[in-house]
Amino acid sequence: MSNHEIFDIAVIGAGASGLMAAYSAVKEGASSVCILEKNEGSAKKLLRTGNGRCNITNLKADDSTHYRCEDISFVRDALKKFSVSDAVSFFESIGIIVVKDEDSKLFPMSFQAAFVCSALTNAVKKAGVDIKYPTQVGDIKKKNNVFNIETNNGDIRAKAVIIATGGAAAPDSGSDGYSNKIASSLGHSTNKYLPVISALITKDGFIKRVDGVKIEGTLSLEICGKIVGEYNGDILFTNYGISGPPAFSASLDAIKALDSGEEDVYISLNLSHGVSFDSIADGVLRLCRSGIYSTVDEVINCFTHKKLVAVILSEIGISEGMPVEKMNMSYAKGIAKAICSLRRRVVGVRGFEYAQGSLGGVSVLEIDRYTMSSLIHSGLYFSGEAIDVTGECGGYNLQWAWTSGNIAGKAAAQYVKQ
């Protein structure tokens, strides 16, 4: 393309949201759309989602309470414009059959993130979008209602620009916080990026022998003495703290509190599988008196994973190998409490290199919720993690990518047709 030609729309970033934005723009009537992507291929981060199976959305993703945002009504109103059912219909229209797997999570029937990436990229290319990679974007400036985009391959000009460059998580996938940098240069307010959808670091980790143990349970997050969230799923013990989906979801509120200087941040783990506190305490006492077992360790193993026995003993101050004859109701209640409410203070969240998402981005207070357009510059749009909207673990962030990308793409197409 010559320097005198101008694209209708230039999308910065070929991640999930950028691909959706470009596709939606073409379908809405934009005649020339390009995507500028600094990687060698599209949707590098998408390949990792759902442990490579691609948890593309969630049946509960229309519920805005699963997101974090300065103004939650911004998310709620956007989701009304492009919902979970809209996302499912879109995917099935391009050959990605959607199925429900565990809980309310939705996956492609192939259970392959690589297939989703390929199908989505092919659909975008077939629609006529020009994907330019590897293209590194520098400054973006607007003059005479046209955006000039500096790149390593020469300047690109466009009537509208959609910033879809992601947040700061998983920097090896290409996410480097560029969205905040370019938005700030264009006069937008931004909130700093913080790593989320990542493991929790606790003041007292767990002994080495417990590292890697996975148990289904409930993780409760407590900040300043108030429970702010309860999350069910596989809890993974590590030598630095707790990982797994419940920890990932809890990280959204934990990191925000910690970043503000709050130290009163705790997690409580319920590993009882629905068995009551009293039933566990009575059961421990009964089995210690049954004559079947010799040590308290053996009895505790009746109620939890063998490798967690030492952790529970340590919680109540009992030495390993204690004879069952020394068991009393006080000890039995201590064991029940450790199984029903194993508590640890949270001191951090693992960094961007381990995180699947990031809090922060362009403030929603300066973005139109119905178009994803800038309230400062006409023709400028944002989508995905570039916007300060973050969902819990379980497909919520990808739903936000589809929702914001679709809205931004359509609105940008309508803008250039005016």
Side-chain angles (χ1 to χ4, degrees), residues 198-223 225 227 229-248 250-251 254 258 263-350:
S198 193
L200 302 174
I201 302 170
T202 58
K203 183 177 184 296
D204 298 306
F206 294 93
I207 54 179
K208 189 173 182 180
R209 75 179 87 169
V210 182
D211 190 26
V213 172
K214 183 170 68 174
I215 299 179
E216 187 175 348
T218 300
L219 182 153
S220 298
L221 177 66
E222 180 185 307
I223 299 176
I227 294 177
E230 293 185 340
Y231 309 97
N232 301 315
D234 288 334
I235 294 171
L236 180 65
F237 289 81
T238 72
N239 58 1
Y240 57 79
I242 294 292
S243 188
F248 293 166
S251 70
L258 293 168
E263 297 183 354
D264 189 6
V265 181
Y266 288 84
I267 55 170
S268 178
L269 309 177
N270 187 334
L271 310 173
S272 69
H273 299 285
V275 180
S276 71
F277 175 95
D278 289 340
S279 294
I280 294 173
D282 292 342
V284 168
L285 202 59
R286 174 176 55 80
L287 290 173
C288 282
R289 294 171 178 173
S290 68
I292 299 173
Y293 301 98
S294 301
T295 67
V296 174
D297 308 42
E298 295 173 301
V299 172
I300 295 175
N301 191 197
C302 295
F303 297 90
T304 193
H305 195 290
K306 184 176 182 179
K307 290 184 177 180
L308 282 180
V309 171
V311 174
I312 292 170
L313 289 171
S314 176
E315 287 292 301
I316 56 179
I318 294 179
S319 300
E320 293 185 45
M322 187 180 93
V324 292
E325 290 79 13
K326 293 186 178 182
M327 177 56 59
N328 56 41
M329 182 52 82
S330 178
Y331 281 146
K333 287 184 177 180
I335 292 169
K337 182 178 180 181
I339 293 173
C340 294
S341 182
L342 184 60
R343 205 161 182 259
R344 286 289 187 275
R345 181 182 159 207
V346 179
V347 295
V349 172
R350 297 199 89 191

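From a predicted model like this one, the values you see are computed outputs, not experimental measurements. All values below come from the heavy atoms of this structure, side chains included, with hydrogens, waters and symmetry mates left out.
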Peer 1: Taking atom CG of L342 and atom OG of S268, what is their separation to the nearest 0.5 Å?
Peer 2: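 So the CG of L342 and the OG of S268 are separated by 7.5 Å.
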Peer 1: Which residue, I300, I318, N301, forms the side chain to side chain contact (heavy atoms under 4.5 Å, CB included) with I312?
Peer 2: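 Per the side chain to side chain contact (heavy atoms under 4.5 Å, CB included) rule, the option paired with I312 is I300, out of I300, I318, N301.
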Peer 1: Working to the nearest 0.5 Å, report the span between CG of L269 and CD1 of I242.
Peer 2: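 Going from CG on L269 over to CD1 on I242, the span is 5.0 Å.
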Peer 1: Nearest 0.5 Å please: distance from the OG1 atom of T202 over to the CG atom of N239.
Peer 2: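 These two atoms lie 9.5 Å from each other.
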Peer 1: Using every non-hydrogen atom in the two residues, find where R209 and K307 come nearest and quote the distance to one decimal.
Peer 2: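 Heavy atoms only, the tightest pair is O-CD, 3.1 Å.
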Peer 1: Using the side chain to side chain contact (heavy atoms under 4.5 Å, CB included) definition, which of the options L308, N270, I280 pairs with I339?
Peer 2: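 Going through L308, N270, I280 one by one, the side chain to side chain contact (heavy atoms under 4.5 Å, CB included) with I339 is satisfied by I280 alone.
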Peer 1: Return the NZ to CG distance between K214 and D234, rounded to the nearest 0.5 Å.
Peer 2: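 Output value for this atom pair is 4.5 Å.
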Peer 1: Using 0.5 Å steps for rounding, measure from the CG atom of L271 to the CD1 atom of I215.
Peer 2: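 Between L271 CG and I215 CD1, I get 5.5 Å after rounding to 0.5 Å.
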Peer 1: V299 and Y293: which non-hydrogen atoms are nearest, and at how many Å?
Peer 2: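 For V299 and Y293, the tightest heavy-atom pair comes out as CG2-CB, 3.8 Å.
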Peer 1: Report yes if some heavy atom in the side chain of L221 is under 4.5 Å from a heavy atom in the side chain of V265; otherwise report no.
Peer 2: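 Answer yes - side chains close enough.
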Peer 1: Does a side chain donor of either T238 or S243 reach within less than 3.5 Å of an acceptor in the other side chain?
Peer 2: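 No, no side-chain donor-acceptor pair sits under 3.5 Å.
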Peer 1: Is S198 reaching over with its side chain to a backbone N or O of R350, donor-acceptor style, under 3.5 angstrom?
Peer 2: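 At least one qualifying donor-acceptor pair exists.
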Peer 1: For the OG1 atom of T295 and the CE atom of M322, what is their distance to the nearest 0.5 Å?
Peer 2: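 If I round to the nearest 0.5 Å, the distance is 9.5 Å.
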Peer 1: Does S251 reach the main-chain N or O of F248 with its side chain, forming a donor-acceptor pair under 3.5 Å?
Peer 2: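 A pair under 3.5 Å: yes.
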Peer 1: So, D297 side chain and G321 main chain: donor-acceptor pair closer than 3.5 Å or not?
Peer 2: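 Yes.
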Peer 1: Suppose the criterion is side-chain hydrogen bond (donor to acceptor under 3.5 Å, both in side chains): which pairs have a residue in residues 275-290, not counting sequence neighbours?
Peer 2: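 Applying side-chain hydrogen bond (donor to acceptor under 3.5 Å, both in side chains) to every pair that reaches into residues 275-290, excluding sequence neighbours, yields S276-S279.
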Peer 1: Using the salt bridge (Lys or Arg N to Asp or Glu O under 4.0 Å) criterion, which residues pair with E315? Sequence neighbours excluded.
Peer 2: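 Expected list: R344.
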Peer 1: Does the Lys NZ or Arg CZ of R345 fall within the cation-pi geometry relative to Y266 - under 6.0 Å from the ring centre and within 45° of the axis?
Peer 2: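 Not flagged: R345 not positioned over aromatic ring of Y266.
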Peer 1: Hey, could you give me each pair passing side-chain hydrogen bond (donor to acceptor under 3.5 Å, both in side chains) that has a residue in residues 326-336? Not counting sequence neighbours.
Peer 2: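 side-chain hydrogen bond (donor to acceptor under 3.5 Å, both in side chains) check on residues 326-336 returns no pairs.
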Peer 1: Identify the heavy atoms of I235 and T218 that sit nearest to each other, and give their distance.
Peer 2: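 Nearest pair, atom of I235 first, then T218: CD1-N, 3.9 Å.
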